[in-house]
2 protein chains.
Amino acid sequence: MWGVKDVKQEKLTDTVAFRLGTLGAITADRFAEGIAVHGLRAKHAGLLALLASGAAASQQEIARTMKVTPSLVVGLADDLEELGAVGRERDPDDRRRQVLTITGRGHELLAACTAVAHALDEELAAGLGDAPAAALRDALALLAARSGLPG
Amino acid sequence: MWGVKDVKQEKLTDTVAFRLGTLGAITADRFAEGIAVHGLRAKHAGLLALLASGAAASQQEIARTMKVTPSLVVGLADDLEELGAVGRERDPDDRRRQVLTITGRGHELLAACTAVAHALDEELAAGLGDAPAAALRDALALLAARSGLPG
DNA sequence: TATTGTTATACTCTATAACTATA
DNA sequence: TATAGTTATAGAGTATAACAATA
């Protein structure tokens with residue numbers, strides 16, 4: 001009628017942003033648990049995926065792409081080198097650059113991480129049904145692309 | 001034909017789990033930035049939302065519902081009390097219990113947090129289009145309910 | 001001088017354990 | 001004894017800043 005504004009008093013917990021944050025944290029925790037047995041944390045897996053995609057090689061490029069500081073990449077690369085998952089060589093053309101390459105063992109570990117993520121996907125899909133699960137997958141793919149995420 | 005297994009070599013970065021984790025972290029960061037001006041972090045907002053819903057009142061109940069330790073709730077309640085967002089009173093029936101109640105100022109701050117989340121929602125929806133945005137919202141609502149999240 | 005990687009240090013968030021008071 | 005809350009301490013993860021090597 002008049003004066004009655006359409007005040008949509010949405011609850012914080014009902015927003016997409018809040019649910020994306022909380023469900024994302026839960027999922028990340030479960031992923032971390034699943035890959036911990038291999039001595040890996042989520043950032044190790046992300047780094048391996050990045051090397052496998054060929055999108056980055058030097059530690060600076062990796063830091064920029066992953067949006068973390070170069071000093072963090074040093075530690076991640078140390079760990080992965082110790083696990084035999086990556087090789088680390090000075091670039092002959094610019095000896096300041098450390099070029100990381102994923103090894104066969106690194107591909108194995110990445111596959112193990114992917115399997116953990118895939119199992120989580122199936123669990124999520126089972127709780128949704130086929131059509132909503134596909135819609136979720138498509139929506140997240142779009143948002144990931146728009147956010148400039150690698151993959 | 002024969003011997004050719006259906007090896008679905010999905011990439012880690014293409015899984016729903018990985019994208020949910022990364023997009024969730026990005027969204028949580030942006031939410032944190034948006035509410036920081038009010039002196040709040042995400043957990044403060046979650047606690048206010050919990051009090052507003054009436055689902056918990058004592059610090060132990062809050063800790064259980066938010067899946068954090070009681071000692072963390074002490075600090076959050078300290079902060080919110082100092083901001084005038086919550087009242088804290090001993091339960092007369094059991095003087096061990098501290099009962100938190102959200103104040104008028106608390107409702108204001110919660111509304112400010114909700115507005116930040118709502119703005120993020122609109123930005124996410126704008127990047128998707130109406131139908132996929134609605135599908136995302138519905139899927140996350142279902143997953144949130146199945147994960148036992150408050151709201 | 002500028003850049004890459006490294007090291008040293010500090011900060012944030014959270015949990016664990018010990019403690020106080022009530023029951 | 002058991003429980004609610006608090007305090008003290010420790011750990012994980014990350015960033016910032018200073019540094020060494022190379023350009």
Side-chain angles (χ1 to χ4, degrees), chain A residues 21-22 24-47 50-51 56-82 86-101, chain B residues 21-22 24-33 35-37 39-47 50-51 56-82 86-101:
Chain A
T22 50
I26 290 171
T27 305
D29 275 355
R30 302 226 292 149
F31 179 68
E33 280 175 32
I35 68 174
V37 64
H38 302 293
L40 299 173
R41 284 171 286 133
K43 292 242 152 85
H44 293 122
L47 177 36
L50 199 52
L51 292 179
S58 85
Q59 294 185 188
Q60 290 282 343
E61 289 162 357
I62 290 165
R64 276 191 294 271
T65 309
M66 293 180 68
K67 295 192 172 76
V68 297
T69 56
S71 66
L72 177 58
V73 178
V74 174
L76 295 174
D78 285 348
D79 300 337
L80 291 172
E81 194 178 20
E82 187 155 4
V86 305
R88 212 182 202 172
E89 290 177 2
R90 290 280 166 188
D91 180 345
D93 293 348
D94 181 347
R95 292 189 43 73
R96 292 172 304 182
R97 290 162 55 89
Q98 289 272 49
V99 174
L100 303 186
T101 51
Chain B
T22 50
I26 290 171
T27 305
D29 275 356
R30 302 226 291 149
F31 179 68
E33 280 174 32
I35 68 175
V37 64
L40 298 173
R41 284 171 287 133
K43 291 241 152 83
H44 293 121
L47 177 37
L50 199 52
L51 293 180
S58 84
Q59 295 185 188
Q60 291 282 343
E61 289 162 358
I62 290 165
R64 277 191 295 272
T65 309
M66 293 181 70
K67 296 194 172 77
V68 297
T69 56
S71 65
L72 177 57
V73 178
V74 173
L76 295 174
D78 285 348
D79 301 336
L80 292 172
E81 195 178 19
E82 187 155 4
V86 305
R88 213 181 200 174
E89 290 177 3
R90 290 280 166 188
D91 180 345
D93 293 348
D94 181 347
R95 292 189 42 73
R96 292 173 305 181
R97 291 164 53 89
Q98 289 271 48
V99 174
L100 303 186
T101 52

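Each chain gets a letter, A, B and so on, in the order its sequence line appears, and its residues count up from 1. Remember, predicted model here, so these are calculated numbers, not experimental data.
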* Measure from CG on Leu72(A) to C1' on dT14(D) and round the result to the nearest Å. => 6 Å

* Can you check side-chain contact (heavy atoms from CB on, under 4.5 Å) on Glu89(A) and Thr101(A), steps first, answer last? -> CA-CA 8 Å; Glu89(A) 290 177 2; Thr101(A) 51; 5.9 Å; no

* To do: Using a 4.5 Å cut-off on heavy atoms from C-beta on, say whether the side chain of Ile62(B) contacts that of Leu51(B).
  => yes

* To do: Rounded to the nearest angstrom, tell me the gap between atom NZ in Lys67(B) and atom C1' in dT14(C).
  => 17 Å

* Structure fact -> When rounded to whole Å, the CG to P distance for the pair Asp29(B) and dT12(C) reads 15 Å

* Structure fact -> Taking dA23(C), dG13(D), dA23(D) as options, the one with an atom nearest any side-chain atom of Asp94(A) is dA23(D)

* Could you work out which one of dG5(D), dT14(C), dG5(C) sits closest to the side chain of Ser58(A)? => dG5(C)

* To do: Write down the distance between CD (Glu61(A)) and P (dG5(C)), rounded to a whole number of angstrom.
  => 8 Å

* To do: Could you state the atom-to-atom distance from CZ of Arg88(B) to P of dA4(D) in whole Å?
  => 16 Å

* Lys43(A) NZ to dA15(D) C1': how many Å, rounded? -> 11 Å

* Asked: Of Pro70(A) and Asp93(A), whose nearest nucleotide on DNA chain D comes first from the 5' end?
  -> Pro70(A)

* Structure fact -> Out of dG5(D), dT4(C), dA23(D), minimum distance to the side chain of Gln60(A) belongs to dT4(C)

* For DNA chain D, whose closest nucleotide is more 5', that of Val74(B) or that of Thr69(A)? -> Val74(B)

* May I ask you to check whether over 12 heavy atoms, not counting those of Arg90(B), lie within 6.0 Å of atom CZ? => yes

* Under the 3.5 Å rule, do the base of dT16(D) and the side chain of Ser71(A) count as making a donor-acceptor pair? -> yes

* To do: Assess whether side-chain contact (heavy atoms from CB on, under 4.5 Å) is satisfied between Gln60(A) and Val73(A), documenting all intermediate values.
  => CA-CA 8 Å; Gln60(A) 290 282 343; Val73(A) 178; over 6 Å; no

* Asked: Could you state the CD-C1' distance from Gln59(A) to dG5(C), rounded to the nearest angstrom?
  -> 6 Å

* Base of dT3(D) paired with side chain of Arg96(B) (donor-acceptor, under 3.5 Å) -> yes

* Measure the spacing between CG of Leu76(B) and CG of Leu100(B) and express it to the nearest 0.5 Å. => 10.0 Å

* Length of the CG-C1' vector between Asp91(A) and dG5(C), whole Å -> 13 Å

